[in-house]
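Data first, discussion second: the structure below is written as structure tokens.
Here is the naming used below: chain letters follow the sequence lines, and residue numbers restart at 1 for every chain.
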Amino acid sequence: MLRLFDTAARDLVEFVPRVEGSVSMYVCGPTPYDHPHVGHGRTVVVFDVVRRYLAWRGYRVTFVSNVTDVEDRIIARAAERGLTEPQLARAFEAEHWEQMDRLGVARPDETPHATEFVPQMLALIGELIAQGRAYVIEGSGVYFQVDTLASYGKLSGRTLEQLLDSAGARIDIDDEKRSPVDFALWKAAKPGEPAWDSPWGRGRPGWHIECSAMSLEILGEGFDIHGGGDDLVFPHHENEIAQAEGAGHVFAHYWLHSGMVMVAGEKMSKSLGNFTTLRAALNAHGPRAFRWLVIRNHYRRQMEINDGALRAAAKEIDGFDALARRARVAGIAAVAPSDLDAFRAVMDDDFDTPAAVAVIHGWRREANAAIDAAQLDVAAARLADVQAALGALGVVVDDVGAPADAPADGGDAAVDTAVAARNAARARKDFAEADRLRDELKAQGVELEDTPQGTIWRRT
RNA sequence: GGCGGCGUAGCCGAGUGGUUCAGGCAAGGGCCUGCAAAGCCCCGUACACGGGUUCGAUUCCCGUCGCCGCCUCCA
């Protein structure tokens with residue numbers, strides 16, 4: 001039985017999909033107005049792991065993740081840079097996919113762009129007006145009237161009264177809105193802004209409407225899982241629910257939220273300016289170290305991502321590579337995994353990847369010990385378990401090190417020659433010469449290992 | 001002010017009412033090796049603080065302190 005922590009229920013609940021054997025999930029994707037940072041990287045990896053695990057567990061997964069390519073921040077940033085909104089959005093979206101590819105994040109089955117779903121949004125807004133849950137302010141836009149929906153606040157655990165209490169202090173009160181907590185579904189166009197025709201005048205969508213419209217359009221009524229970063233619970237996801245259910249639709253059944261990335265104890269955010277770009281982090285320590293660090297932490301907890309943590313994660317990955325390497329050298333053949341129950345049990349418990357890490361490390365040690373003891377059949381079985389579990393988490397193990405992390409620059413033949421020369425020196429007990437050659441190679445980024453089956457090398 | 005989360009050995013980080021326990025990284029000892037590297041073995045009685053419940057609490061309850069998130073754009 002797979003259990004997950006549903007934000008709306010505020011508890012662990014059994015996962016029962018809408019259609020047996022299938023999972024439909026929607027995860028809020030980027031608003032591409034700036035470089036992706038490591039916080040985005042974490043969220044995307046978290047849901048990639050969820051997706052992969054569900055698929056590994058036998059579900060047919062339909063994974064949708066949007067791009068909100070029309071939004072206030074894009075308009076503002078494009079104006080600053082003297083670019084058109086599409087130019088800016090496309091450039092940052094391209095960077096987003098580039099980094100996700102490096103991380104081994106599987107592309108979504110569908111990637112709806114807000115600008116391509118304006119008709120669906122207009123239809124949803126029309127339904128809300130027809131239901132009496134939205135109103136028009138001439139020259140300003142269309143607003144959702146929060147007090148028409150008794151259940152408003154159910155996801156984030158707030159009441160209308162609580163929201164109104166804090167609204168006075170926190171929200172700029174727009175005199176025209178019927179209530180400060182009402183939010184925009186459609187914003188009237190200002191000169192020079194991107195705009196579409198609508199029954200309520202030219203304008204553009206409000207921030208939340210695109211996700212309601214696109215998720216329902218693509219995945220249909222009552223789709224299974226909606227995910228995103230923790231900071232989207234309110235107002236974004238709360239408002240998505242209001243828009244969908246206010247118009248009479250059945251929205252997502254389960255809500256998954258991933259914890260924030262912290263920097264020295266503070267949330268990483270663009271407004272604080274304390275962010276590390278994803279590109280820089282991946283360049284410094286490699287994408288596998290990043291993914292592993294994310295996996296080492298439970299997805300709902302806040303976590304720190306920094307150089308020290310990434311370095312430690314990289315070392316663990318090295319250990320898996322080393323196992324694959326010595327398995328190859330020992331001539332171990334691939335076999336089917338045999339004992340994945342422990343892995344499945346912890347993963348079924350709200351995707352407890354840190355516990356899964358412990359399980360995998362146990363197998364790694366057993367595999368190594370079996371190689372030491374020349375019990376190759378045992379080693380092969382444990383190795384298969386390690387690789388199967390890592391594969392379910394999207395972690396690639398490479399027995400020659402990580403070419404994606406450290407691009408080979410050729411020169412293999414020269415290395416082989418040097419290795420042969422060193423072994424010749426060793427054979428005649430000229431260890432000074434042997435060590436000199438080894439040091440020379442090390443200076444070139446090549447490390448040697450002498451094994452019972454001969455010397456192997458890898459680039460560091 | 002409202003809602004929520006967290007405080008676990010040097011660091012990171014799971015978990016549980018009770019004989020042995022996460023796991024990783026770092027440090028130390030040993031085996032292996034010409035020396036290394038890789039690997040294996042050994043080694044740390046930690047659970048913020050104060051009460052309470054209990055035969056017994058790190059784990060349950062209450063309180064205190066500290067940190068963090070959301071309530072505003074935010075992954």
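At a threshold of 4.0 Å, the pair A:Arg296-A:Glu316 counts as salt-bridged, since one of the basic side-chain nitrogens sits closer than that to a carboxylate oxygen. Note on A:Arg77 versus A:Glu80: salt bridge recorded, some NZ/NE/NH1/NH2 to OD/OE distance being below 4.0 Å. A salt bridge is absent between A:Arg326 and A:Asp321; no separation between the charged side-chain nitrogens and carboxylate oxygens falls under 4.0 Å. A salt bridge is absent between A:Arg90 and A:Glu85; no separation between the charged side-chain nitrogens and carboxylate oxygens falls under 4.0 Å. Between A:Arg52 and A:Asp48 there is a salt bridge, with a side-chain nitrogen of the basic residue lying less than 4.0 Å from a carboxylate oxygen of the acidic one.
A gap of 13 Å separates the C1' atoms of B:rC21 and B:rA14, to the nearest Å. Across the C1' atoms, B:rG66 and B:rU45 are found 26 Å apart, a figure rounded to whole Å. Rounded to a whole angstrom, the distance from the C1' atom of B:rG2 to that of B:rG44 is 43 Å. Across B:rC47 and B:rG28, the matching C1' atoms stand 24 Å from one another, rounded to whole Å. A distance of about 12 Å separates the P atoms of B:rA26 and B:rA37, rounded to the whole Å. Comparing the C1' positions of B:rU16 and B:rA57 gives an interatomic distance of 10 Å, to the nearest angstrom. Going from the C1' atom of B:rG39 to that of B:rU54 covers 47 Å, rounded to whole Å. Taking atom C1' on both nucleotides, B:rG50 is separated from B:rC65 by 10 Å, rounded to a whole Å.
Within the 4.5 Å cutoff, the side chain of A:Tyr33 has no heavy atoms near those of the A:Ile75 side chain. Residues A:Val27 and A:Val64 are not in side-chain contact: their nearest non-hydrogen atoms beyond the backbone lie 4.5 Å or more apart.
Taking only distance into account, the side chain of A:Asp435 meets the base of B:rG34 through a donor-acceptor pair shorter than 3.5 Å. Remark: the A:Arg438 side chain and the B:rA36 base include a donor-acceptor N/O pair separated by less than 3.5 Å.
Looking at residues 65-76 of chain A, you'll see A:Arg73 sit with a heavy atom under 4.0 Å from some atom of RNA chain B. Within residues 375-390 of chain A, no residue has any heavy atom under 4.0 Å from RNA chain B.
Residues that satisfy the side-chain hydrogen bond (donor to acceptor under 3.5 Å, both in side chains) test with A:Arg422, not counting sequence neighbours, are A:Asp450. Take A:Ser338 and apply the side-chain contact (heavy atoms from CB on, under 4.5 Å) test, not counting sequence neighbours, and it matches A:Ala381, A:Arg382, A:Asp385. The ring-ring contact (aromatic ring centres under 6.0 Å, His included) search around A:His236 returns A:Trp207, A:His208, not counting sequence neighbours. For A:Thr277, the side-chain hydrogen bond (donor to acceptor under 3.5 Å, both in side chains) criterion is met by no residue, not counting sequence neighbours. Listed by chain and residue number, nothing satisfies the ring-ring contact (aromatic ring centres under 6.0 Å, His included) test with A:Phe234 (two or more places apart in sequence, or in another chain).
Note on A:Met268: a base of the nucleic acid sits closer than 4.0 angstrom, heavy atoms only. When heavy atoms are screened at a 4.0 angstrom cut-off, A:Glu449 is found touching base atoms of the nucleic acid.
In the set B:rC35, B:rC40, B:rC70, the nucleotide with an atom closest to the side chain of A:Ala369 is B:rC40. Side-chain atoms of A:Arg365 lie closest to B:rC41 of the nucleotides B:rC41, B:rC71, B:rA75. With B:rG24, B:rA14, B:rA75 as the candidates, the nucleotide lying closest to the side chain of A:Pro354 is B:rA14. The A:Arg326 side chain lies nearest to B:rA38 when the options are B:rA75, B:rG24, B:rA38. In this structure, of B:rG13, B:rA38, B:rA75, it is B:rA38 that holds the atom nearest to the side chain of A:Arg458.
Checking the phosphate oxygens (OP1, OP2) of B:rC40, a side-chain nitrogen or oxygen of A:Arg364 falls inside 4.0 Å. The shortest distance between the side-chain N/O atoms of A:Lys267 and the OP1/OP2 oxygens of B:rC70 is below 4.0 Å. Contact between the side-chain N/O atoms of A:His361 and the OP1/OP2 oxygens of B:rG23 is not found at any separation under 4.0 Å. Using a 4.0 Å cut-off, some side-chain N or O of A:Arg301 falls inside it from OP1 or OP2 of B:rA14.
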Residue pair A:His40, A:His96: steps toward the ring-ring contact (aromatic ring centres under 6.0 Å, His included) verdict = CA-CA 9 Å; A:His40 300 108; A:His96 171 83; 7.8 Å; no
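Between A:Phe183 and A:Tyr143, the distance separating the two ring centers is not shorter than 6.0 angstrom. Note: A:His298 and A:Phe5 fail the aromatic proximity criterion, with ring centroids not under 6.0 Å apart. Side-chain rings of A:His35 and A:Phe92 approach one another, their centers coming within less than 6.0 Å.
Every stem involving RNA chain B, taken as at least 3 paired positions in a row under the Watson-Crick or G-U wobble test at 3.5 Å, is listed here: B:1-7 with B:65-71, B:10-12 with B:23-25, B:28-31 with B:39-42, B:48-52 with B:60-64.
Screening residues 439-448 of chain A for salt bridge (charged side-chain N to carboxylate O under 4.0 Å, His left out), with sequence neighbours left out, gives A:Arg436-A:Glu440, A:Lys442-A:Glu447, A:Glu447-A:Arg458. Within the structure, every pair that satisfies the salt bridge (charged side-chain N to carboxylate O under 4.0 Å, His left out) test and touches residues 225-242 of chain A, not counting sequence neighbours, is listed here: A:Asp231-A:Lys267.
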Are there any protein N/O atoms within less than 3.5 Å of an N/O atom in nucleotides 2-4 of chain B, and if so, which ones and at what distance?
unit_1	atom_1	unit_2	atom_2	d
B:rG2	O2'	A:Gln162	NE2	3.0

Using a cut-off of under 3.5 Å, enumerate the N/O to N/O pairs linking the protein to nucleotides 26-33 of chain B.
unit_1	atom_1	unit_2	atom_2	d
B:rA26	OP1	A:Lys315	NZ	2.5

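Taking the nucleotide of RNA chain B with the nearest heavy atom to each of A:Leu293 and A:His208, the more 5' of the two is matched to A:Leu293.
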